[in-house]
Amino acid sequence: MAKDQPEALATFAASARNDGQKPKDIGLHATDETEAIPTDPKKKADAATKVLREGVLHKDQGADEAIDDLPDRTRDTDPRS
């Protein structure tokens, strides 16, 4: 594991699972629980575009499906396994 910073959403989720307190093992470097999950940047951009379009147009643009296609950074199991 590289010395990357912990991913924010994973850190928030770990805190929620720890009675609202940031776990002591989460510092400036990612842990197994908070390391980044590789994601296709095109899928992230597509989801973000659809969310923004729905906000402006007030019509379904498929944002829910695009978001569901991305890894869930808040769950406590590894989506890569």
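Sequence positions, counted from 1, serve as the residue numbers for this chain. Just the heavy atoms: all of them, side chains too, but no hydrogens, waters or symmetry mates, feed the values below.
Taking every heavy atom of both residues into account, Thr39 and Ile37 meet most closely at OG1-O, 3.0 Å. Of all non-hydrogen atoms in His29 and Pro6, the two that sit nearest each other are C-CD, 3.9 Å. Shortest non-hydrogen contact noted between Lys50 and Ala66 is CD-CB, 3.9 Å. Smallest separation of non-hydrogen atoms from Pro23 and Ala14: CG-O, 3.9 Å.
Under the side chain to side chain donor-acceptor pair (under 3.5 Å) criterion, Gln5 pairs with no residue at all, not counting sequence neighbours. Scanning for salt bridge (charged side-chain N to carboxylate O under 4.0 Å, His left out) contacts around Lys44 gives an empty result, with sequence neighbours left out. With sequence neighbours excluded, the residues satisfying salt bridge (charged side-chain N to carboxylate O under 4.0 Å, His left out) with Asp69 are Lys43.
Look at Asp46 and Lys42 and you find no salt bridge, because none of the NZ, NE, NH1 or NH2 atoms lies under 4.0 Å from a carboxylate O.
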Intermediate values then yes/no, side-chain contact (heavy atoms from CB on, under 4.5 Å), Asp4 and Glu35: CA-CA 7 Å; Asp4 294 326; Glu35 69 183 336; over 6 Å; no

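Side-chain atoms of Ser15 come within 3.5 Å of backbone atoms of Thr11 as a donor-acceptor pair (strictly under, hydrogens ignored). Listed for the Glu54 side chain is a donor-acceptor partner under 3.5 Å among the backbone atoms of Gly62.
The CD1 atom of Ile26 lies 12.0 Å from the CD atom of Gln21; values are rounded to the nearest 0.5 Å.
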